[in-house]
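First up is the structure itself, then whatever we jot down about it.
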Amino acid sequence: MMDARRALPAIFRAGLMATLLGAPSLVHAQSPEQVSAVANALEWREIGPTIVGGRVSDLAVVEQNPATFYVATATGGVWKTENMGVTFSPVFDDQETSSIGDVTVAPSNPNVVWVGTGEPQNRQSSPWGNGVYRSTDGGRSWSHLGLSETHHISRIAVHPRDPDVAYVAAVGRLWGASPDRGVYKTSDGGVSWDLVLHVDEHTGAIDLAMDPNDPRTLFAAMYQRQRRAWGFNGGGPGSGI
């Protein structure tokens with residue numbers, strides 16, 4: 001747990017910023033230079049979670065309440081804070097894998113949280129996962145939804161109005177060819193999946209973005225790669241948007 005004394009200056013600065021930007025009368029009275037000066041006074045600080053395994057692979061913020069967010073780690077599972085990062089709690093420790101590639105909160109229901117396992121970075125030490133999980137109670141319990149052979153999941157995009165519609169970007173196996181690479185879609189909360197974008201067995205989906213104004217429009221970044229004991233091949237004709 002982080003020392004609360006370290007958090008006080010940042011909380012004070014954040015409160016001052018919120019006051020300046022949140023009160024119409026004060027915003028009207030402040031010049032752009034003054035607002036910029038306040039913003040420039042804000043500093044980055046480390047808030048944790050500390051002493052957990054691996055790299056931080058993703059963040060997911062509850063838009064309705066930004067004090068609550070989830071942190072995904074390469075080998076340390078998923079962590080949740082409800083107080084702007086003052087304290088963190090592990091919420092994924094009871095699952096079969098602790099390697100996480102993505103965590104995503106459904107925009108229309110903050111209790112619905114999707115997790116894609118398997119760190120997607122191209123490293124010799126990148127551990128693989130066993131597919132997709134979903135929570136409908138804010139991370140207190142999880143259901144395993146399959147896609148176990150995808151091994152490494154880089155991104156999950158959830159429909160802005162329907163938490164049961166989601167797309168999963170799967171990188172696939174790190175050390176060999178894999179027919180399970182590509183982008184998957186579910187329309188029933190993960191009960192069933194369709195492979196909706198597949199390039200070839202050497203090319204996976206490394207990132208995925210949904211148009212917020214049109215959830216039927218998606219952009220997928222495809223990455224052709226294969227690691228070997230003596231190096232790796234990155235890029236190739238399969239790569240692209």
Side-chain angles (χ1 to χ4, degrees), residues 1-23 39 42-95 97-117 119 129 132-145 153-169 189-190 207-210 212 215:
M1 181 174 69
M2 181 180 167
D3 190 337
R5 291 171 297 179
R6 293 175 54 196
L8 289 177
I11 293 173
F12 173 78
R13 291 193 296 268
L16 176 61
M17 190 65 177
T19 300
L20 290 176
L21 298 181
L42 299 176
E43 298 178 356
W44 290 99
R45 64 187 178 89
E46 192 275 326
I47 60 174
T50 58
I51 319 176
V52 299
R55 302 159 286 275
V56 171
S57 54
D58 198 21
L59 294 171
V61 180
V62 175
E63 294 182 4
Q64 299 90 331
N65 179 21
T68 299
F69 59 90
Y70 299 82
V71 179
T73 62
T75 58
V78 180
W79 297 73
K80 179 181 181 179
T81 178
E82 297 180 278
N83 52 19
M84 298 183 293
V86 176
T87 59
F88 288 87
S89 300
V91 295
F92 207 73
D93 283 3
D94 294 335
Q95 309 312 313
T97 180
S98 61
S99 177
I100 312 299
D102 178 271
V103 57
T104 298
V105 177
S108 61
N109 185 346
N111 287 320
V112 177
V113 185
W114 294 78
V115 165
T117 63
E119 184 196 16
V132 176
Y133 289 77
R134 186 171 106 144
S135 172
T136 58
D137 53 15
R140 288 189 292 271
S141 63
W142 299 89
S143 298
H144 183 228
L145 304 177
I153 291 174
S154 59
R155 191 71 65 202
I156 299 176
V158 182
H159 193 285
R161 294 178 297 277
D162 188 345
D164 288 339
V165 176
Y167 299 82
V168 171
D207 208 350
L208 186 65
M210 178 183 291

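Side chains included, hydrogens not; waters and symmetry mates left out as well; all remaining heavy atoms used.
- Scanning both residues, Ile100 and Ser57, for their nearest heavy atoms gives O-OG, 2.7 Å.
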- Take Val91 and Trp79 through the test side-chain contact (heavy atoms from CB on, under 4.5 Å) and record every step on the way to the result. CA-CA 6 Å; Val91 295; Trp79 297 73; over 6 Å; no
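- With hydrogens and angles ignored, the 3.5 Å screen pairs a side-chain donor or acceptor of Ser98 with a backbone N or O of Thr75.
- A ring-centre distance under 6.0 Å is found for Trp142 and Phe92.
- Listed here is the closest heavy atom pair of Pro110 and Gln64: CD-NE2, 3.7 Å.
- Under the 4.0 Å criterion applied to side-chain N and carboxylate O atoms, Arg134 and Asp164 are assigned as salt-bridge partners.
- Across every non-hydrogen atom of Val71 and Phe88, the tightest pair is CG2-CE2, 3.7 Å.
- Side-chain N or O atoms of Thr104 include none that pairs as donor or acceptor with a backbone N or O of Ala157 at under 3.5 Å.
- Atom CG of Asn83 has more than 12 heavy atoms from other residues, nucleotides or ligands within 6.0 Å.
- Without hydrogens or angle criteria, Tyr70 side chain to Gly138 main chain gives a donor-acceptor distance under 3.5 Å.
- The shortest heavy-atom contact between Thr81 and Thr87 is OG1-O, 2.8 Å.
- Summarising the geometry of His144 relative to Val132, their closest heavy-atom pair is CD2-O, 3.3 Å, with the distance given to 0.1 Å.
- In this structure, the side chain of Ser135 does not engage the main chain of Val112 through any donor-acceptor pair within 3.5 Å.
- When all heavy atoms of Met84 and Phe69 are compared, the closest pair comes out as C-CE2, 4.0 Å.
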